[in-house]
J.: 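The structure follows.
Chain A is the first sequence line, chain B the second, and so forth, proteins listed ahead of strands; every chain is numbered from 1. Not measured: the values here are computed from a predicted model. Computed over heavy atoms, backbone and side chain alike; hydrogens, waters and symmetry mates excluded.
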Amino acid sequence: MSHDAGVSEAESPEISETGETGGGFELRLSNFEGPFDLLLSLISKHKLDVTEIALAEVTVEFIAHIKRLPDDGDLEETTSFLLVAATLLDLKAARLLPQGDVEDEEDLALLEARDLLFARLLQYRAYKQVASLMDRKLQEESRRYPRAVGLEDRFATLLPEVLIGIGLDQFAALAAKAMQPRPELQLNLQHIHAPTVSVREQGAVVMDRLRRSGTMTFRALCGDSPDTLTTVARFLSLLELFREGVVAFDQMTPLGELTVRWTGDDTVDVDDVITDEFDGALPPEEQDPSEAREKTDD
Amino acid sequence: MTDQVEEALPVPFAALRPALEAVLMVADQPLDELTLATAVSYPAAEVAAALAALAAEYDDQGRGFELRNVAGGWRYYTREEFAQVVEGFVLEGQQARLTQAALETLAVVAYQQPVSRARVSAVRGVNVDGVMRTLISRGLVEEAGQDGEHGATLYRTTSYFLERIGIVSIDEL
Amino acid sequence: MTDQVEEALPVPFAALRPALEAVLMVADQPLDELTLATAVSYPAAEVAAALAALAAEYDDQGRGFELRNVAGGWRYYTREEFAQVVEGFVLEGQQARLTQAALETLAVVAYQQPVSRARVSAVRGVNVDGVMRTLISRGLVEEAGQDGEHGATLYRTTSYFLERIGIVSIDEL
């Protein structure tokens, strides 16, 4: 073996390094079968059990990986990651609050959310174990070959003459019906030329709306979002706003509607709270069209 | 049906096992005990015992083939350790390995059947439409009617799946 | 994987007979000694001796099958004394009329020939291995060489099929 720096000795099968980014460790999100898979992988990477502490430990990492969702991911997939992220954030936020500050009802809802997330994680983990058992059995079985040989001539000649039993027309109709393409899912090709979306710009949109409305659901905030990338950018900007303590999240049911509350004051400027951590060194771009459109909303 | 008392056993008593061997040798699919019992005109229970005895005999004698009950039917298979030697003589190529997504989806369907696509999606946390189509086209999963309440299509695993995984029934998993 | 000192015979010495049994169990046509010797990587003389020993063993044990060398090729046959049972079994399940699945598969082959089994499976949305075997055993479909690209076996309809459906050439379809 060479001592090439690109060769990772301790490469985990589930979490691999790309080695391309100078920063080092990067999860390839496309390797994961959805949010539960990612969450379980992170938890096992830290050699933790599925507990509340484990969830808290991996929350930041989980969210960090959301920004690596592939640009061509579909909205449904993106949403499933975001909803789990929202629940994780709720839990983390609740742990930081002093005991008395939490109202009973919210407290209960949160406990419910936590338990449901646990239940789903454990359920998913169980099926993952079954899947790997099935994989083993399938592999093993594929090494055994069933006997399926033609009949000995003496028996083959005993078979009665075949009766096809339908006319040529019916036969042709049967072929036509069998060869009819079954309905396939529509492929959405719009994502192929996804324009760059700036988290900062989307953050400005989000802030503006929240300032005026006070409280909005995440769904409403993204209702006019033209593509997945914009939805992700808005979600990421919310995370930054949350970090700066100018928004709060409510989610009554796990994976349910996420409500965002503006808790900052009017003096907060977008450039102060949203870093370009997500955007990198983006050239200043022209106004986001959705921002202009937004004026006529409501 | 017929008075089977003494009359017309096509297979003399001592010949039950070899008669089963002969029938199994020409079969191109798994045969259940009832079919075999009909073929050799013996009570199903005796046939079942004879099949188990034959399977054990082949194991004891270290034969290159084994007799296995898979997906509810008995069939000759080559023994696993000779896979490499046998491969060249088998028509169908090696089955492509299933992806992780396909395996997980299959696992959920196997344990929750009959089950809707939405339900499988909820367990896995991702959309399973494409994977489900793959599983159907590979004959591992099939439609199983509609959900009474929502009219959603339900899915179940096929007996081909049992055959592929080498078990008699889903309870074995 | 690991270098096995003596150059990795695919079949260890003790396993020569079972290895031959495994190959013969899945082979669709009689195999000559050279082919078998190549498959198991043993000298032809040793293979010939092993085959003869196996055949004698089956006779001694009164198996329902026998191993016979016919015109230079070795193949498993059912033993003569069970011919009646086997005949009954073969004819039992066989109906003159084709099943709907068989008809549909036949239709796809007829209109897309030459076509691979995988392609027919994809078109029909189900696994067609069993149905294809039925069509072949009924003489309606036959092999037609290999796909140049993937090496998959191709299939076409036979002249017997034309005869049964009452046309002279497939152009009439």
J.: Given side-chain hydrogen bond (donor to acceptor under 3.5 Å, both in side chains), test Thr105(B) with Arg124(B) step by step and report yes or no.
T.: CA-CA 8 Å; Thr105(B) 304; Arg124(B) 292 197 50 230; 3.0 Å; yes

J.: Can you tell me which of Gly64(C), Gly62(C), Ala27(C) forms the most heavy-atom pairs within a distance under 4.5 Å of chain B?
T.: Gly64(C)

J.: What pair of heavy atoms forms the shortest contact from Glu46(C) to Leu16(C), and how long is it?
T.: O-CD2, 4.0 Å

J.: Please classify the contact between Gln61(C) and chain B as side chain, backbone, both or neither, with a heavy-atom cut-off of under 4.5 Å.
T.: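 Answer is side chain: those atoms of Gln61(C) sit under 4.5 Å from chain B.
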
J.: Go through it in stages, so that I can follow the logic: the residues are Glu66(C) and Arg68(C), the test is salt bridge (Lys or Arg N to Asp or Glu O under 4.0 Å), and I'd like the CA-CA distance, side-chain angles, deciding distance and then a yes or no.
T.: CA-CA 6 Å; Glu66(C) 54 191 0; Arg68(C) 286 210 319 251; 2.6 Å; yes

J.: Of all the residues in residues 47-60 of chain C, which have a heavy atom that comes within less than 4.5 Å of a heavy atom in chain B?
T.: Leu54(C), Glu57(C), Tyr58(C)

J.: Would you compute the distance between atom CG of Asn69(B) and atom CD1 of Ile167(B) and round it to the nearest 0.5 angstrom?
T.: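 That separation rounds to 11.0 Å.
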
J.: Grab the two heavy atoms, one from Phe65(B) and one from Arg79(B), that are nearest each other, plus how far apart they are.
T.: O-NH2, 3.1 Å

J.: Within 45° of the axis and under 6.0 Å from the centre of the six-membered ring of Tyr77(C), does NZ or CZ of Arg75(C) qualify?
T.: yes

J.: Does any backbone or side-chain atom of Leu31(C) lie under 4.5 Å from a heavy atom of chain B? Answer side chain, backbone, both or neither.
T.: side chain

J.: Using salt bridge (charged side-chain N to carboxylate O under 4.0 Å, His left out) as the criterion, list what pairs up with Glu33(B), not counting sequence neighbours.
T.: none

J.: Identify which part of Thr158(B) has an atom lying under 4.5 Å from any heavy atom of chain C, answering side chain, backbone, both or neither.
T.: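 Contact with chain C is absent: no heavy atom of Thr158(B) under 4.5 Å.
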
J.: Go through the steps for Leu154(B) and Val115(B) under the test side chain to side chain contact (heavy atoms under 4.5 Å, CB included), then give the verdict.
T.: CA-CA 5 Å; Leu154(B) 298 174; Val115(B) 64; 5.6 Å; no

